Structure formats: structure tokens, C-alpha cells
Amino acid sequence: MKKRGKPKQKEDYAWVLDYLPYGNPNDTRPAHQKKPLLQGVGDRYFVLMEMVPKEGVSPEIQSRVYIGDGERKIVDHVKHRISYDDLSHGAQLELPYILENTVQEQEDRFVKFFNDAHPITTRLHMLELLPGIGKKLMWAIIDEKKKGNFKDFTDLHNRVSGVHHPVRIIAKRIEEELKDDNIKYRLFTAEPHHPKKKEE
């Protein structure tokens, strides 16, 4: 669970959700003052952001770009964090695919979530925050896990038949957290942060 007051969660890589060659359409400045923009999502804490690409670079949508310290080939700098509602229509359409791909690529991390999940309160378990998992399925997962940790998504599905698409379940929860800044519990995403946007 993400808690307030933790050290700042820094992304080193982001997935490109959309490339806006003429800047954000909601930017009211004259065209000559606007720079090309990338909209993307971090691949660790799923921070939504706008980035300024290096001059002359046209990154492909669904590409993974380095945004950490040191030399960057594609991104000049991260402009600021944004919310789900700030994403372009195209970026919102790309997001579910990118999230599923990220969950699949980081399988060990998310299988560990199923192995380590625990009660949040006396009445609510972390597993119940996942879409489609109620009390019955929660107990099926817990009882099966007592026999030994789940090795991967296939093992989870084979041992708990009700968990049909674990990748999709996790990705859907991440998307829910990104869509709702006021969601009570965050399993996978960074706390929302909306500083005043600076125009360049």
C-alpha cells in the first residue's frame, strides 16, 4: 500500500501513450510558442506525465523511453505530472494495452502481490480491491497460497480457477487508481500530485 510521506517515487522509464507534434490542444498559447509533447505513463509507479522530446525526434507510440538521470536519447525533459483527464483521447485508448503489457513484463512483481497480499482492515483484504474478486474468490486464493507460493500467473490460474485473467485484473485495478485521484486505497500507483503547471 502506498502511504503519504514516503520518499518521492521516481520513474526511470515511461511508455509513450501519445505524440502531440503541435503540443497539447488545450494549450491556448500561439502555435509558435508550443513545443511537441509526449504523453506517457511510468513503468514502475504508473505516474502519468507530459514529456518534451528532443528536437527532431518523433517517438513511436507504445515505445519505452528512458527518463532517468544522465543521457537520454528521446526525451529532453519531463514537463510535469498530469491526471487521467489530461490525457488525449488517443492516450486514454492506449493506456489499457500498455498497462497489460507492463504487468505481463513484470510478472514476478505482480505474482508477489498475490503471494504477499494481506488484510487492510478487519473487514477488507487487499485482494478484494482487485476487480472481480469478492470474498469467495479471495478465500480460494488465500487457501491455495497456504499450500505454497504462486510461481507465476499460469500457476495462479491453474490453482485458482476463478482467476481467469490475472494480468487483466491487475491492469484494470491500476487503471481505476489512475482514473480516480481520490480513491481510498492505492495498491500499485503513486499518490496523485498536481503542482501548478508552468508554461514554457
Side-chain angles (χ1 to χ4, degrees), residues 1-3 6 9-18 38-49 59-68 74 84 87 90-180 183-192:
M1 300 291 293
K2 306 289 189 299
K3 293 182 179 178
K6 280 191 173 185
Q9 295 156 325
K10 191 173 184 300
E11 301 279 14
D12 285 323
Y13 289 90
W15 292 93
V16 177
L17 297 172
D18 201 1
L38 303 174
Q39 290 191 332
V41 58
D43 79 343
R44 188 68 193 172
Y45 304 107
F46 304 103
V47 171
L48 297 174
M49 64 189 84
E60 291 185 7
I61 293 171
Q62 295 189 1
S63 62
R64 186 171 179 261
V65 296
Y66 180 66
I67 58 171
I74 306 296
Y84 179 85
L87 291 175
Q92 290 181 0
L93 291 177
E94 287 292 337
L95 185 62
Y97 300 103
I98 292 294
L99 294 179
E100 285 193 25
N101 184 61
T102 303
V103 173
Q104 188 67 67
E105 286 196 351
Q106 299 179 29
E107 184 172 11
D108 289 350
R109 168 188 174 188
F110 294 104
V111 171
K112 188 175 187 297
F113 167 80
F114 282 96
N115 287 326
D116 296 348
H118 55 78
I120 300 169
T121 69
T122 54
R123 296 187 177 186
L124 183 65
H125 196 281
M126 289 171 74
L127 292 171
E128 292 179 272
L129 297 177
L130 299 179
I133 295 186
K135 293 285 186 190
K136 184 177 179 181
L137 197 49
M138 174 199 76
W139 282 115
I141 296 170
I142 292 171
D143 289 343
E144 194 59 39
K145 192 261 174 184
K146 288 177 183 176
K147 302 173 186 176
N149 281 351
F150 300 110
K151 298 174 183 176
D152 50 34
F153 286 137
T154 301
D155 185 40
L156 171 61
H157 169 65
N158 289 340
R159 289 167 59 185
V160 187
S161 59
V163 183
H164 300 296
H165 302 287
V167 171
R168 202 172 299 164
I169 290 171
I170 294 281
K172 189 67 179 172
R173 174 63 193 188
I174 295 169
E175 189 175 358
E176 288 176 359
E177 293 182 18
L178 292 177
K179 285 181 175 180
D180 184 0
I183 200 165
K184 188 170 183 180
Y185 298 108
R186 292 185 175 275
L187 300 177
F188 308 113
T189 63
E191 289 285 347

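The basis for the numbers below is simple: all heavy atoms, side chains too, and nothing from hydrogens, waters or symmetry mates. All values derive from a computational prediction rather than experimental measurement.
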[X] side-chain N/O to [Y] backbone N/O, donor-acceptor pair under 3.5 Å:
X: Glu177; Y: Thr189; result: yes
X: Ser63; Y: Pro59; result: no
X: Glu107; Y: Phe153; result: yes
X: Glu128; Y: His125; result: yes
X: Arg173; Y: Leu129; result: yes
X: Lys145; Y: Asn115; result: yes
X: Asp43; Y: Ala14; result: no
X: Asn101; Y: Tyr97; result: no

* Asked: In terms of side-chain geometry, is the basic nitrogen of Glu11 or Arg44 positioned less than 4.0 Å from the acidic oxygen of its partner?
  ->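 No, Glu11 and Arg44 are not salt-bridged.
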* SB check Lys179 Glu176 (cutoff 4.0 Å) ->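 Glu176 and Lys179: not salt-bridged.
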* After noting the C-alpha distance and the side-chain angles of Phe114 and Leu127, does the key distance pass the side-chain contact (heavy atoms from CB on, under 4.5 Å) rule? -> CA-CA 7 Å; Phe114 282 96; Leu127 292 171; 3.8 Å; yes
Between atom [atom1] of [X] and atom [atom2] of [Y], what is the distance when rounded to the nearest 0.5 Å?
X: Leu130; Y: Ile141; atom1: CG; atom2: CD1; value: 7.5 Å
X: Leu99; Y: Arg168; atom1: CG; atom2: CZ; value: 13.0 Å
X: Glu144; Y: Phe150; atom1: CD; atom2: CZ; value: 6.0 Å
X: Gln92; Y: Leu178; atom1: CD; atom2: CG; value: 11.0 Å
X: Phe110; Y: Gln104; atom1: CZ; atom2: CD; value: 11.0 Å
X: Asp18; Y: Gln62; atom1: CG; atom2: CD; value: 11.0 Å

* **Over 12 non-hydrogen atoms of neighbours within 6.0 angstrom of NZ in Lys135** =>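 Yes.
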So do [Y] and [X] actually touch side chain to side chain, heavy atoms under 4.5 Å?
X: Gln106; Y: Val103; result: no
X: Leu187; Y: Ile170; result: no
X: Glu175; Y: Pro96; result: yes
X: Lys147; Y: Arg159; result: yes

* Would Phe188 and Phe113 count as a close aromatic pair, with their ring centres under 6.0 Å? ->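 Yes, they do, as the ring centres are separated by less than 6.0 Å.
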* **Ile67 versus Met49, closest heavy-atom pair with distance** =>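 Heavy atoms of Ile67 and Met49 come nearest at CD1-SD, 3.7 Å.
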* To do: Please report the closest heavy-atom contact between Gln39 and Ala91, naming both atoms and the distance.
  =>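 Minimum heavy-atom contact is OE1-CB, 3.5 Å.
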* Asked: Yes or no on side-chain contact (heavy atoms from CB on, under 4.5 Å) for Tyr185 and Thr121, after CA distance, side-chain angles and deciding distance?
  -> CA-CA 11 Å; Tyr185 298 108; Thr121 69; 3.8 Å; yes
* Asked: Who are the salt bridge (charged side-chain N to carboxylate O under 4.0 Å, His left out) partners of Asp108, not counting sequence neighbours?
  ->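 Once residues adjacent in sequence are excluded, Asp108 has no partner under the salt bridge (charged side-chain N to carboxylate O under 4.0 Å, His left out) criterion.
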* Could you please spell out the steps behind the side-chain contact (heavy atoms from CB on, under 4.5 Å) verdict for Ile61 and Leu17? => CA-CA 6 Å; Ile61 293 171; Leu17 297 172; 5.9 Å; no
* Under the ring pair (Phe, Tyr, Trp, His ring centres under 6.0 Å) test, residues paired with Tyr66 that sit two or more places apart ->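 Once residues adjacent in sequence are excluded, the partners of Tyr66 under the ring pair (Phe, Tyr, Trp, His ring centres under 6.0 Å) criterion are Tyr13.
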* Given the rule in the side-chain contact (heavy atoms from CB on, under 4.5 Å) test, do Leu156 and Val111 qualify, once you have shown the distances and angles that lead to the verdict? -> CA-CA 8 Å; Leu156 171 61; Val111 171; over 6 Å; no
